[in-house]
Amino acid sequence: MPSPLAQYESFLVAHVSTISSLESSLRSITWILPGRFKDAELASEALSAILNIMSMYHDTLLARVAQTDPKYKPLLPASPHTRYTRAWSEKDGRYKWAARALELLRFTELLVEMGLRRKVSRQTRWKGIVVLEALKALLRLLLLRITRRPLLSYLIPEREFDPDNIPAGSDTSSPTLAPSSPPSSVMSTPEHLKNNHVPLPVHPLLTPPPPAHSPMPVEEFLLPKALTTASVKAPTSLVKPLASPKEWLSEIIYHVRPLVYAILLSSGRKDAKPLMTALGMELLALNLRRVPTQSAALERSEYAKRDRDIVWYLLRGSIWENWTKPKLEGFADKTAHTPLIGVLGALVKDWIPLIDEYYYCTYFSSRRARFSSRQALTTSLSRYCSLVPGWHVLISPSCLV
């Protein structure tokens with residue numbers, strides 16, 4: 001008799017498209033729940049944490065099914081991020097479990113803080129936050145020691161394929177459950193529906209005009225489709241190892257910065273010292289880090305994301321209290337009676353108390369949806385191309401590199 005886990009995995013693979021749509025719908029609800037009823041923020045964050053944990057489990061399972069299914073053909077080649085993180089997960093078991101543990105802490109940290117705020121004193125709550133930040137710092141330093149390379153913001157592979165592309169009747173419907181029934185045959189088109197459409201000739205007025213410019217040269221057409229150096233590199237070589245003490249110091253400062261900030265805040269300081277210390281460490285790490293080469297696309301994208309994340313300091317400390325918060329409150333008040341925009345103003349007004357009360361509410365980018373832009377592109381392309389006979393020939397992965 002199959003175990004309940006194996007039965008659930010089989011059910012997931014059989015209804016993967018429905019479950020994926022349900023995850024996306026429920027995740028959208030978590031943004032509008034705060035402020036709707038008592039403890040709505042707790043319900044919203046509990047739902048968000050459960051969805052992110054389940055999505056991580058589903059991504060792992062579906063990736064395993066896709067790799068073992070000979071019928072599955074990816075529409076897009078794997079991104080450098082997926083190649084890099086998957087290679088390290090397969091190469092070193094310590095990386096795999098440390099990265100997953102760090103992701104689980106990110107998904108549940110705000111939920112834990114909400115529970116502590118309701119059950120214990122302020123001092124005990126801050127002790128819990130410091131413990132969480134210490135665990136995260138230790139995991140980051142462990143991963144840094146394992147890889148000896150700059151850490152990426154997302155340490156595990158993201159879902160980059162359309163779940164609809166996984167054949168529902170494949171022999172690998174579940175990694176832990178053998179198929180109990182033969183796959184169903186593909187339904188054929190009824191005879192009375194075959195050849196029932198005869199296209200009309202195109203009217204001369206509807207024909208497109210001839211191109212006004214000369215045809216694209218062959219070199220310009222082929223250049224975007226050529227393989228890059230990242231395409232032929234070993235996955236673990238997509239990020240160069242840290243070579244000098246200066247580069248190591250930059251990474252260490254960057255990853256212990258949240259722990260230092262939490263320790264300073266836990267002491268009850270109301271001045272700007274915690275914020276200025278954390279911001280100073282961030283800028284110091286930025287100045288000490290190396291300048292990646294043009295071919296190091298993965299490392300450059302990671303550093304660009306770190307630079308963009310400096311914007312989140314607008315939601316912290318004295319900057320939030322004296323500048324950002326009054327601006328957002330003024331925007332919410334001015335748009336309260338404006339159609340459509342008033343909905344956004346009400347949403348902002350509901351989130352302002354949460355940023356005031358919770359430390360982890362200033363870390364939106366690390367705990368919300370895991371749906372990547374490549375997944376959205378893959379889903380759109382696959383659903384369009386499935387309507388075209390021979391789409392796997394017309395749009396092959398090599399043409400989309």
Side-chain angles (χ1 to χ4, degrees), residues 80-81 84-85 87-89 91-107 109 126-156 235-267 269 272-293 296-313 315-317 359-360 362-363 365-367:
H81 174 272
Y84 179 79
T85 53
W88 273 109
S89 298
K91 179 180 179 180
D92 196 310
R94 295 174 302 168
Y95 177 94
K96 175 182 176 181
W97 293 109
R100 291 186 179 184
L102 184 57
E103 290 295 320
L104 287 175
L105 286 176
R106 287 174 175 173
F107 294 156
E109 58 193 8
W126 274 106
K127 287 182 180 179
I129 293 174
V130 171
V131 169
L132 285 176
E133 290 298 336
L135 289 175
K136 290 164 60 178
L138 288 175
L139 288 172
R140 290 191 185 102
L141 294 178
L142 174 61
L143 291 167
L144 191 62
R145 183 177 181 273
I146 293 172
T147 62
R148 307 183 70 83
R149 290 165 170 81
L151 295 184
L152 304 183
S153 298
Y154 301 103
L155 297 163
I156 58 178
T236 54
S237 301
L238 292 173
V239 178
K240 292 175 58 179
L242 299 171
S244 66
K246 178 181 175 182
E247 296 173 2
W248 278 96
L249 183 61
S250 171
E251 282 295 304
I252 293 173
I253 290 175
Y254 182 80
H255 294 301
V256 301
R257 166 189 46 84
L259 175 60
V260 174
Y261 182 50
I263 291 175
L264 292 176
L265 286 178
S266 65
S267 61
R269 302 184 66 97
K273 182 178 180 180
L275 180 66
M276 292 297 103
T277 302
L279 185 58
M281 294 178 68
E282 181 109 32
L283 296 177
L284 178 61
L286 187 150
N287 289 322
L288 290 177
R289 77 188 184 198
R290 65 191 180 195
V291 179
T293 60
L298 187 57
E299 188 174 354
R300 291 172 60 211
S301 65
E302 171 60 25
Y303 289 158
K305 182 186 181 304
R306 293 184 184 183
D307 295 341
R308 291 193 301 269
D309 284 347
I310 297 179
V311 176
W312 295 109
Y313 280 95
L315 303 182
R316 299 171 190 167
Y359 169 77
Y360 285 114
T362 60
Y363 290 90
S365 60
S366 63
R367 69 181 187 89

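Because only heavy atoms are used, hydrogens play no part in the values below, and waters and symmetry mates are left out as well, while side chains stay in.
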>> Walk me through whether Glu133 and Val260 qualify under side-chain contact (heavy atoms from CB on, under 4.5 Å).
In response: CA-CA 9 Å; Glu133 290 298 336; Val260 174; over 6 Å; no
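Looking only at side-chain heavy atoms (C-beta outward), Leu102 and Ile156 stay at 4.5 Å or farther from each other. Contact annotation: the side chain of Tyr84 approaches that of Arg149 to within less than 4.5 Å [non-hydrogen atoms, C-beta and beyond]. For the pair Arg145 and Arg94, the minimum side-chain heavy-atom distance is below 4.5 Å. Arg148 is listed as a side-chain neighbour of Trp248, based on a closest heavy-atom distance under 4.5 Å.
Atom CG of Leu139 and atom CZ of Arg106 lie 10.0 Å apart (nearest 0.5 Å). Atoms CG and CD, from Leu288 and Glu247 in turn, are 10.0 Å apart once rounded to the nearest 0.5 Å. If you take CD1 on Ile146 and CG on Leu141, they are separated by 11.0 Å, rounding to the nearest 0.5 Å. Note that OG of Ser267 and NZ of Lys273 are 8.5 Å apart. Values are rounded to the nearest 0.5 Å. A distance of 14.0 Å separates NZ in Lys240 from CG in Leu298, rounded to the nearest 0.5 Å. Taking OG1 from Thr277 and CG from Leu284, the interatomic distance works out to 12.0 Å, rounded to the nearest 0.5 Å.
Side-chain atoms of Glu103 and Tyr154 include no donor-acceptor pair closer than 3.5 Å.
Heavy-atom minimum distance, Ala87 versus Thr236: CB-CG2, 3.9 Å. Taking all atoms of both residues into account, the shortest heavy-atom contact from Leu105 to Lys136 is CD1-CG, 3.8 Å. Looking at every heavy atom in both residues, Ser250 comes nearest to Ala285 through OG-O, 2.7 Å. Annotation for Ile129 and Ala262: closest pair CG2-CB, 4.3 Å, computed over non-hydrogen atoms. When all heavy atoms are compared, the tightest approach of Lys246 to Asn287 is CE-O, 4.3 Å. Pairing each heavy atom of Glu302 with each of Leu151, the nearest pair is OE2-O, 3.5 Å.
Using a distance-only test at 3.5 Å, with no hydrogens or angles considered, a donor-acceptor pair links the side chain of Tyr95 to the main chain of Leu155. Remark: the backbone N or O of Leu135 is not paired with any side-chain donor or acceptor of Arg140 at under 3.5 angstrom.
Salt bridge Arg306/Glu282: absent, no basic N to carboxylate O contact under 4.0 Å. The pair Asp92-Lys96 does not count as a salt bridge, with every side-chain nitrogen at least 4.0 angstrom from each carboxylate oxygen.
Geometrically, Arg300 does not engage Tyr303 in a cation-pi contact defined by less than 6.0 Å to the ring centre and at most 45° from the axis.
Between Tyr261 and Tyr359, the ring planes lie tilted relative to each other; the angle falls in the 30° to 60° range.
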